[in-house]
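A, B, ... follow the sequence lines: proteins, then strands. Residue 1 opens every chain. All heavy atoms count here, side chains included; hydrogens, waters and symmetry mates do not.
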Number of protein chains: 2
Amino acid sequence: MEQGGSVANARGAGSPQTGTVRSPRGSYAKSADTRAAILDAALAVFAESGFRSGSLRDIAQRVEMSEAGLLHHFDSKARLLLAVLDRRDELGLQFVPRDPNDGVGTLRGLVALARFNASEPGVVELYCTLAAEATSPRHPAHQYFVSRYVSIRNTVHAAFASLHERNLLRAGVTPDSATRETVAMMDGLQIQWLLDRSLFDMGDDLHAFLQGMTTAEL
Amino acid sequence: MEQGGSVANARGAGSPQTGTVRSPRGSYAKSADTRAAILDAALAVFAESGFRSGSLRDIAQRVEMSEAGLLHHFDSKARLLLAVLDRRDELGLQFVPRDPNDGVGTLRGLVALARFNASEPGVVELYCTLAAEATSPRHPAHQYFVSRYVSIRNTVHAAFASLHERNLLRAGVTPDSATRETVAMMDGLQIQWLLDRSLFDMGDDLHAFLQGMTTAEL
(Lines give C-alpha, C1' and ligand atoms only; values in the text may rest on other atoms or scores of the structure.)
Protein backbone atom coordinates (compact mmCIF):
# COMPACT_ATOMS: atom_id res chain seq x y z
CA MET A 1 0.00 0.00 0.00
CA GLU A 2 1.12 3.57 0.61
CA GLN A 3 3.55 2.58 3.31
CA GLY A 4 6.52 3.57 1.26
CA GLY A 5 5.04 6.98 0.39
CA SER A 6 7.18 10.09 0.65
CA VAL A 7 7.11 11.89 3.96
CA ALA A 8 8.59 15.07 2.55
CA ASN A 9 5.54 17.10 3.50
CA ALA A 10 5.44 15.92 7.09
CA ARG A 11 6.58 18.45 9.65
CA GLY A 12 9.49 17.02 11.56
CA ALA A 13 10.12 14.40 8.89
CA GLY A 14 13.81 14.77 9.62
CA SER A 15 13.43 14.05 13.33
CA PRO A 16 15.27 11.06 14.82
CA GLN A 17 12.06 9.01 15.06
CA THR A 18 11.54 8.96 11.32
CA GLY A 19 15.08 7.68 10.83
CA THR A 20 17.98 9.16 8.95
CA VAL A 21 19.41 5.78 7.96
CA ARG A 22 18.99 5.44 4.22
CA SER A 23 20.06 1.80 3.83
CA PRO A 24 17.42 -0.75 2.86
CA ARG A 25 15.54 -2.17 5.82
CA GLY A 26 12.81 -4.67 6.46
CA SER A 27 9.11 -3.95 6.26
CA TYR A 28 8.89 -3.57 10.04
CA ALA A 29 11.31 -0.64 9.98
CA LYS A 30 9.50 0.87 7.00
CA SER A 31 6.20 0.57 8.77
CA ALA A 32 7.66 2.19 11.90
CA ASP A 33 8.96 5.06 9.78
CA THR A 34 5.57 5.51 8.19
CA ARG A 35 3.85 5.51 11.57
CA ALA A 36 6.31 8.11 12.82
CA ALA A 37 5.71 10.27 9.74
CA ILE A 38 1.94 10.02 10.24
CA LEU A 39 2.31 11.02 13.88
CA ASP A 40 4.42 14.05 12.92
CA ALA A 41 1.84 15.08 10.33
CA ALA A 42 -1.05 14.51 12.76
CA LEU A 43 0.67 16.60 15.42
CA ALA A 44 1.15 19.42 12.91
CA VAL A 45 -2.48 19.30 11.71
CA PHE A 46 -3.98 19.02 15.20
CA ALA A 47 -1.71 21.82 16.45
CA GLU A 48 -2.88 23.99 13.57
CA SER A 49 -6.61 23.22 13.46
CA GLY A 50 -7.37 21.57 16.80
CA PHE A 51 -8.43 17.97 17.18
CA ARG A 52 -12.10 18.44 16.36
CA SER A 53 -11.47 20.41 13.16
CA GLY A 54 -8.25 18.75 12.06
CA SER A 55 -9.16 16.18 9.41
CA LEU A 56 -7.75 12.77 8.57
CA ARG A 57 -7.73 13.90 4.94
CA ASP A 58 -5.34 16.77 5.75
CA ILE A 59 -3.08 14.43 7.68
CA ALA A 60 -3.12 11.82 4.90
CA GLN A 61 -2.31 14.49 2.30
CA ARG A 62 0.76 15.60 4.23
CA VAL A 63 2.22 12.11 4.08
CA GLU A 64 0.95 11.57 0.51
CA MET A 65 -1.35 8.77 1.51
CA SER A 66 -5.00 7.99 1.10
CA GLU A 67 -7.21 8.13 4.17
CA ALA A 68 -7.63 4.35 3.84
CA GLY A 69 -3.85 3.96 3.89
CA LEU A 70 -3.65 6.05 7.02
CA LEU A 71 -6.41 4.03 8.69
CA HIS A 72 -4.36 0.92 7.97
CA HIS A 73 -1.89 2.21 10.57
CA PHE A 74 -4.31 3.84 13.02
CA ASP A 75 -7.86 2.57 13.32
CA SER A 76 -9.46 5.94 13.99
CA LYS A 77 -8.80 9.63 14.45
CA ALA A 78 -9.14 9.18 18.21
CA ARG A 79 -6.51 6.42 18.29
CA LEU A 80 -4.24 8.55 16.16
CA LEU A 81 -4.57 11.42 18.61
CA LEU A 82 -3.75 9.19 21.57
CA ALA A 83 -0.66 7.89 19.77
CA VAL A 84 0.43 11.48 19.08
CA LEU A 85 0.03 12.36 22.75
CA ASP A 86 1.90 9.27 23.96
CA ARG A 87 4.78 10.06 21.66
CA ARG A 88 4.99 13.68 22.85
CA ASP A 89 4.85 12.61 26.47
CA GLU A 90 7.88 10.38 26.03
CA LEU A 91 9.74 13.44 24.82
CA GLY A 92 8.54 15.60 27.71
CA LEU A 93 9.42 12.96 30.31
CA GLN A 94 13.05 13.20 29.34
CA PHE A 95 13.18 16.60 31.05
CA VAL A 96 11.75 15.50 34.36
CA PRO A 97 13.70 12.91 36.38
CA ARG A 98 11.38 10.44 38.11
CA ASP A 99 13.49 9.95 41.24
CA PRO A 100 10.96 10.57 44.03
CA ASN A 101 13.77 11.53 46.41
CA ASP A 102 15.16 14.20 44.14
CA GLY A 103 12.71 17.04 44.75
CA VAL A 104 15.08 19.72 43.52
CA GLY A 105 15.80 17.74 40.35
CA THR A 106 12.10 17.30 39.60
CA LEU A 107 11.28 20.98 40.07
CA ARG A 108 14.27 22.00 37.94
CA GLY A 109 13.01 19.53 35.34
CA LEU A 110 9.62 21.24 35.25
CA VAL A 111 11.35 24.56 34.55
CA ALA A 112 13.44 22.94 31.80
CA LEU A 113 10.26 21.48 30.31
CA ALA A 114 8.61 24.92 30.35
CA ARG A 115 11.62 26.34 28.50
CA PHE A 116 11.45 23.53 25.95
CA ASN A 117 7.71 24.05 25.47
CA ALA A 118 8.37 27.74 24.78
CA SER A 119 10.21 26.63 21.65
CA GLU A 120 7.08 24.87 20.33
CA PRO A 121 4.07 27.18 20.64
CA GLY A 122 1.95 25.09 18.23
CA VAL A 123 2.28 22.03 20.41
CA VAL A 124 1.59 24.03 23.57
CA GLU A 125 -1.55 25.36 21.92
CA LEU A 126 -2.64 21.83 21.00
CA TYR A 127 -2.18 20.60 24.56
CA CYS A 128 -3.98 23.58 26.08
CA THR A 129 -6.91 23.22 23.69
CA LEU A 130 -7.08 19.45 24.05
CA ALA A 131 -6.84 19.52 27.85
CA ALA A 132 -9.78 21.93 27.90
CA GLU A 133 -11.82 20.04 25.25
CA ALA A 134 -11.05 16.73 26.92
CA THR A 135 -12.50 17.81 30.25
CA SER A 136 -15.75 16.66 28.61
CA PRO A 137 -16.24 12.97 29.51
CA ARG A 138 -17.33 12.20 25.93
CA HIS A 139 -14.07 13.42 24.39
CA PRO A 140 -11.90 10.55 23.10
CA ALA A 141 -8.89 11.84 25.04
CA HIS A 142 -10.80 12.35 28.31
CA GLN A 143 -9.41 9.31 30.11
CA TYR A 144 -5.95 10.06 28.76
CA PHE A 145 -5.98 13.55 30.28
CA VAL A 146 -7.51 12.40 33.57
CA SER A 147 -4.69 9.82 33.90
CA ARG A 148 -2.09 12.31 32.71
CA TYR A 149 -2.99 14.84 35.39
CA VAL A 150 -3.00 12.16 38.09
CA SER A 151 0.44 11.08 36.94
CA ILE A 152 1.83 14.63 36.80
CA ARG A 153 0.44 15.40 40.24
CA ASN A 154 1.99 12.19 41.65
CA THR A 155 5.40 13.19 40.30
CA VAL A 156 5.14 16.75 41.59
CA HIS A 157 3.76 15.58 44.93
CA ALA A 158 6.69 13.22 45.46
CA ALA A 159 9.04 16.15 44.83
CA PHE A 160 7.35 18.41 47.39
CA ALA A 161 7.02 15.54 49.89
CA SER A 162 10.75 14.89 49.70
CA LEU A 163 11.48 18.60 50.21
CA HIS A 164 9.00 18.65 53.11
CA GLU A 165 10.76 15.72 54.80
CA ARG A 166 14.00 17.63 54.66
CA ASN A 167 12.38 20.83 55.97
CA LEU A 168 12.99 22.61 52.70
CA LEU A 169 9.46 23.97 52.17
CA ARG A 170 8.75 27.54 53.19
CA ALA A 171 6.32 28.23 56.04
CA GLY A 172 2.70 27.52 55.13
CA VAL A 173 3.52 25.44 52.04
CA THR A 174 2.13 21.88 52.10
CA PRO A 175 2.88 19.19 49.49
CA ASP A 176 -0.85 18.86 48.63
CA SER A 177 -1.55 22.51 47.89
CA ALA A 178 1.87 23.08 46.33
CA THR A 179 1.20 20.23 43.91
CA ARG A 180 -2.16 21.49 42.63
CA GLU A 181 -0.84 25.04 42.47
CA THR A 182 2.26 24.05 40.51
CA VAL A 183 0.29 22.11 37.91
CA ALA A 184 -2.24 24.95 37.67
CA MET A 185 0.56 27.50 37.29
CA MET A 186 2.13 25.57 34.42
CA ASP A 187 -1.20 25.37 32.56
CA GLY A 188 -2.26 28.92 33.30
CA LEU A 189 1.04 30.54 32.34
CA GLN A 190 0.84 28.75 28.98
CA ILE A 191 -2.50 30.38 28.12
CA GLN A 192 -1.25 33.89 28.89
CA TRP A 193 2.01 33.24 27.09
CA LEU A 194 0.23 31.94 23.97
CA LEU A 195 -1.92 35.06 23.87
CA ASP A 196 1.11 37.36 24.14
CA ARG A 197 4.52 35.75 23.94
CA SER A 198 6.30 39.05 24.50
CA LEU A 199 4.72 39.41 27.93
CA PHE A 200 7.05 37.18 29.94
CA ASP A 201 9.31 34.13 29.88
CA MET A 202 7.47 30.95 30.94
CA GLY A 203 10.61 29.32 32.34
CA ASP A 204 11.55 32.39 34.39
CA ASP A 205 8.05 32.79 35.80
CA LEU A 206 7.73 29.13 36.74
CA HIS A 207 11.20 29.19 38.31
CA ALA A 208 10.30 32.23 40.44
CA PHE A 209 7.01 30.63 41.47
CA LEU A 210 8.65 27.36 42.52
CA GLN A 211 11.51 29.16 44.26
CA GLY A 212 8.87 30.93 46.33
CA MET A 213 7.83 27.57 47.79
CA THR A 214 11.19 26.09 48.78
CA THR A 215 14.30 27.27 50.57
CA ALA A 216 16.40 24.91 48.43
CA GLU A 217 18.24 26.60 45.57
CA LEU A 218 16.49 25.75 42.29
CA MET B 1 -40.21 36.05 10.81
CA GLU B 2 -39.29 33.59 13.54
CA GLN B 3 -38.78 36.32 16.11
CA GLY B 4 -41.78 35.23 18.12
CA GLY B 5 -40.72 31.57 18.11
CA SER B 6 -40.86 29.54 21.30
CA VAL B 7 -37.74 29.52 23.42
CA ALA B 8 -38.84 26.49 25.38
CA ASN B 9 -35.87 24.45 24.23
CA ALA B 10 -33.28 27.04 25.12
CA ARG B 11 -31.22 26.29 28.21
CA GLY B 12 -31.72 29.08 30.69
CA ALA B 13 -34.85 30.29 28.90
CA GLY B 14 -36.28 31.11 32.30
CA SER B 15 -33.35 33.32 33.29
CA PRO B 16 -34.00 36.99 34.09
CA GLN B 17 -32.51 38.12 30.78
CA THR B 18 -35.14 36.37 28.69
CA GLY B 19 -37.90 37.97 30.74
CA THR B 20 -40.61 36.36 32.76
CA VAL B 21 -43.12 39.10 32.01
CA ARG B 22 -45.85 37.54 29.91
CA SER B 23 -47.81 40.68 29.03
CA PRO B 24 -47.75 41.89 25.41
CA ARG B 25 -44.84 44.19 24.65
CA GLY B 26 -43.52 46.09 21.68
CA SER B 27 -41.40 44.60 18.93
CA TYR B 28 -38.20 46.00 20.49
CA ALA B 29 -38.80 44.05 23.69
CA LYS B 30 -39.71 40.94 21.68
CA SER B 31 -36.55 41.26 19.65
CA ALA B 32 -34.46 41.69 22.80
CA ASP B 33 -36.08 38.56 24.26
CA THR B 34 -35.33 36.64 21.10
CA ARG B 35 -31.71 37.78 21.11
CA ALA B 36 -31.40 36.75 24.75
CA ALA B 37 -32.92 33.33 23.97
CA ILE B 38 -30.50 32.87 21.07
CA LEU B 39 -27.57 33.78 23.31
CA ASP B 40 -28.68 31.27 25.94
CA ALA B 41 -29.01 28.57 23.29
CA ALA B 42 -25.66 29.47 21.75
CA LEU B 43 -23.96 29.34 25.14
CA ALA B 44 -25.45 25.88 25.75
CA VAL B 45 -24.41 24.56 22.32
CA PHE B 46 -20.90 26.04 22.44
CA ALA B 47 -20.45 24.77 26.02
CA GLU B 48 -21.49 21.30 24.88
CA SER B 49 -19.68 21.01 21.54
CA GLY B 50 -17.08 23.77 21.56
CA PHE B 51 -17.14 26.75 19.25
CA ARG B 52 -15.60 25.06 16.23
CA SER B 53 -17.96 22.08 16.29
CA GLY B 54 -21.05 23.79 17.67
CA SER B 55 -23.31 24.53 14.68
CA LEU B 56 -25.67 27.40 13.94
CA ARG B 57 -28.23 24.77 12.97
CA ASP B 58 -28.18 23.27 16.48
CA ILE B 59 -28.54 26.71 18.01
CA ALA B 60 -31.39 27.62 15.66
CA GLN B 61 -33.17 24.34 16.43
CA ARG B 62 -33.07 25.02 20.16
CA VAL B 63 -34.94 28.29 19.69
CA GLU B 64 -37.17 26.78 16.97
CA MET B 65 -35.83 29.08 14.30
CA SER B 66 -34.34 28.69 10.88
CA GLU B 67 -30.65 29.46 10.46
CA ALA B 68 -31.70 32.42 8.29
CA GLY B 69 -33.87 33.70 11.12
CA LEU B 70 -30.97 33.40 13.51
CA LEU B 71 -28.66 35.23 11.12
CA HIS B 72 -31.20 38.05 11.05
CA HIS B 73 -30.17 38.75 14.65
CA PHE B 74 -26.47 37.91 14.47
CA ASP B 75 -24.59 38.26 11.20
CA SER B 76 -22.29 35.30 11.71
CA LYS B 77 -21.30 32.52 14.09
CA ALA B 78 -18.28 34.56 15.15
CA ARG B 79 -20.40 37.59 16.04
CA LEU B 80 -22.78 35.36 17.92
CA LEU B 81 -19.91 33.96 19.96
CA LEU B 82 -18.62 37.42 20.82
CA ALA B 83 -22.10 38.46 21.93
CA VAL B 84 -22.31 35.36 24.14
CA LEU B 85 -18.96 36.21 25.71
CA ASP B 86 -19.85 39.87 26.28
CA ARG B 87 -23.06 38.84 27.99
CA ARG B 88 -21.28 36.38 30.29
CA ASP B 89 -18.61 38.92 31.15
CA GLU B 90 -21.23 41.39 32.37
CA LEU B 91 -22.42 38.69 34.75
CA GLY B 92 -18.89 37.89 35.93
CA LEU B 93 -18.00 41.54 36.50
CA GLN B 94 -20.72 41.83 39.09
CA PHE B 95 -18.57 39.74 41.40
CA VAL B 96 -15.42 41.82 41.12
CA PRO B 97 -15.56 45.45 42.29
CA ARG B 98 -13.54 47.75 40.06
CA ASP B 99 -12.37 50.14 42.76
CA PRO B 100 -8.60 50.24 42.17
CA ASN B 101 -8.01 51.24 45.80
CA ASP B 102 -9.89 48.28 47.21
CA GLY B 103 -7.33 45.52 46.82
CA VAL B 104 -8.92 43.27 49.39
CA GLY B 105 -12.33 43.68 47.79
CA THR B 106 -11.00 42.78 44.35
CA LEU B 107 -9.23 39.64 45.58
CA ARG B 108 -12.31 38.58 47.54
CA GLY B 109 -14.31 39.17 44.37
CA LEU B 110 -12.07 36.80 42.42
CA VAL B 111 -12.72 34.10 45.00
CA ALA B 112 -16.48 34.75 44.81
CA LEU B 113 -16.27 34.51 41.02
CA ALA B 114 -14.44 31.16 41.30
CA ARG B 115 -17.20 29.88 43.58
CA PHE B 116 -19.86 31.06 41.14
CA ASN B 117 -18.03 29.44 38.21
CA ALA B 118 -17.98 26.17 40.14
CA SER B 119 -21.77 26.15 39.81
CA GLU B 120 -21.53 26.23 36.00
CA PRO B 121 -19.03 23.65 34.79
CA GLY B 122 -20.29 23.77 31.18
CA VAL B 123 -19.55 27.47 30.94
CA VAL B 124 -16.15 27.04 32.59
CA GLU B 125 -15.37 24.34 30.03
CA LEU B 126 -16.41 26.64 27.19
CA TYR B 127 -14.16 29.44 28.45
CA CYS B 128 -11.20 27.13 28.98
CA THR B 129 -11.56 25.61 25.53
CA LEU B 130 -12.15 28.95 23.84
CA ALA B 131 -9.26 30.67 25.60
CA ALA B 132 -6.97 27.89 24.38
CA GLU B 133 -8.43 27.78 20.82
CA ALA B 134 -8.38 31.57 20.62
CA THR B 135 -4.66 31.79 21.32
CA SER B 136 -4.45 31.19 17.56
CA PRO B 137 -4.39 34.64 15.86
CA ARG B 138 -6.82 33.38 13.20
CA HIS B 139 -9.53 32.48 15.69
CA PRO B 140 -12.51 34.89 15.59
CA ALA B 141 -12.32 35.43 19.35
CA HIS B 142 -8.53 35.99 19.39
CA GLN B 143 -8.66 39.76 19.86
CA TYR B 144 -11.45 39.39 22.38
CA PHE B 145 -9.33 37.10 24.55
CA VAL B 146 -6.18 39.20 24.15
CA SER B 147 -8.13 42.26 25.36
CA ARG B 148 -9.88 40.26 28.07
CA TYR B 149 -6.60 39.10 29.58
CA VAL B 150 -5.15 42.61 29.44
CA SER B 151 -8.25 43.90 31.22
CA ILE B 152 -8.22 41.15 33.87
CA ARG B 153 -4.52 41.72 34.52
CA ASN B 154 -5.09 45.48 34.87
CA THR B 155 -7.80 44.90 37.47
CA VAL B 156 -5.72 42.38 39.40
CA HIS B 157 -2.60 44.54 39.14
CA ALA B 158 -4.42 47.54 40.60
CA ALA B 159 -5.46 45.36 43.54
CA PHE B 160 -1.92 44.18 44.27
CA ALA B 161 -0.49 47.68 43.72
CA SER B 162 -2.87 49.11 46.31
CA LEU B 163 -1.91 46.35 48.78
CA HIS B 164 1.75 47.01 48.01
CA GLU B 165 1.37 50.72 48.76
CA ARG B 166 -0.05 49.86 52.15
CA ASN B 167 2.72 47.31 52.85
CA LEU B 168 0.24 44.46 52.82
CA LEU B 169 2.12 42.15 50.42
CA ARG B 170 4.24 39.39 51.88
CA ALA B 171 8.02 39.47 51.44
CA GLY B 172 9.12 38.74 47.89
CA VAL B 173 5.69 39.33 46.32
CA THR B 174 5.59 42.02 43.64
CA PRO B 175 2.43 43.31 41.94
CA ASP B 176 3.73 42.25 38.49
CA SER B 177 4.47 38.62 39.29
CA ALA B 178 1.49 38.30 41.62
CA THR B 179 -0.80 39.46 38.81
CA ARG B 180 0.37 36.94 36.22
CA GLU B 181 0.42 34.17 38.80
CA THR B 182 -3.09 34.92 40.01
CA VAL B 183 -4.57 34.89 36.50
CA ALA B 184 -2.63 31.70 35.70
CA MET B 185 -3.82 30.08 38.92
CA MET B 186 -7.47 30.83 38.12
CA ASP B 187 -7.14 29.29 34.64
CA GLY B 188 -5.06 26.33 35.71
CA LEU B 189 -7.22 25.35 38.67
CA GLN B 190 -10.24 25.29 36.34
CA ILE B 191 -8.66 22.66 34.09
CA GLN B 192 -7.84 20.33 36.99
CA TRP B 193 -11.24 20.89 38.54
CA LEU B 194 -13.05 20.14 35.27
CA LEU B 195 -11.15 16.88 34.95
CA ASP B 196 -12.02 15.82 38.50
CA ARG B 197 -14.46 17.98 40.39
CA SER B 198 -14.17 15.88 43.54
CA LEU B 199 -10.48 16.73 43.83
CA PHE B 200 -10.75 20.14 45.46
CA ASP B 201 -12.83 23.29 45.86
CA MET B 202 -11.80 26.01 43.39
CA GLY B 203 -12.85 28.85 45.69
CA ASP B 204 -10.95 27.41 48.67
CA ASP B 205 -7.79 26.81 46.65
CA LEU B 206 -7.81 30.28 45.12
CA HIS B 207 -8.47 31.82 48.52
CA ALA B 208 -5.50 29.98 50.05
CA PHE B 209 -3.27 30.97 47.15
CA LEU B 210 -4.20 34.67 47.38
CA GLN B 211 -3.95 34.64 51.19
CA GLY B 212 -0.38 33.41 50.74
CA MET B 213 0.49 36.68 48.99
CA THR B 214 -0.96 39.24 51.35
CA THR B 215 -0.97 39.84 55.10
CA ALA B 216 -4.44 41.42 54.81
CA GLU B 217 -7.29 39.15 55.89
CA LEU B 218 -9.14 37.93 52.78
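- More than 12 heavy atoms of other residues, nucleotides or ligands sit less than 6.0 Å from atom CZ of B:R170.
- Going from atom CZ of B:F209 over to atom OG of A:S177 covers 11.0 Å, rounded to the nearest 0.5 Å.
- In this structure, the separation between CG on B:D196 and OG1 on A:T135 is 12.0 Å, given to the nearest 0.5 Å.
- In this structure, the side chains of A:L195 and B:H142 come closer than 4.5 Å at one or more pairs of heavy atoms.
- Contact annotation for A:S136: both backbone and side-chain heavy atoms come within less than 4.5 Å of a heavy atom of chain B.
- Per-residue heavy-atom pair counts under 4.5 Å with chain A were compared for B:M186, B:H139, B:E133, B:E125, and the maximum is reached by B:E125.
- Inter-residue side-chain proximity for A:Y149 and B:L199 is flagged as unmet; no heavy-atom pair is nearer than 4.5 Å.
- Proximity of a side-chain donor or acceptor of B:Q192 to a complementary backbone N or O of A:R180 within less than 3.5 Å is detected.
- Using a 4.5 Å cut-off between heavy atoms, B:L126 does not touch chain A at all.
- Taking all atoms of both residues into account, the shortest heavy-atom contact from B:D187 to A:G188 is CB-CA, 4.1 Å.
- Interface remark: of the candidates A:I191, A:L189, A:D176, A:L130, A:I191 forms the most heavy-atom pairs closer than 4.5 Å to chain B.
- Note: B:V183 leads B:V183, B:V146, B:V150, B:V124 in heavy-atom pairs under 4.5 Å with chain A.
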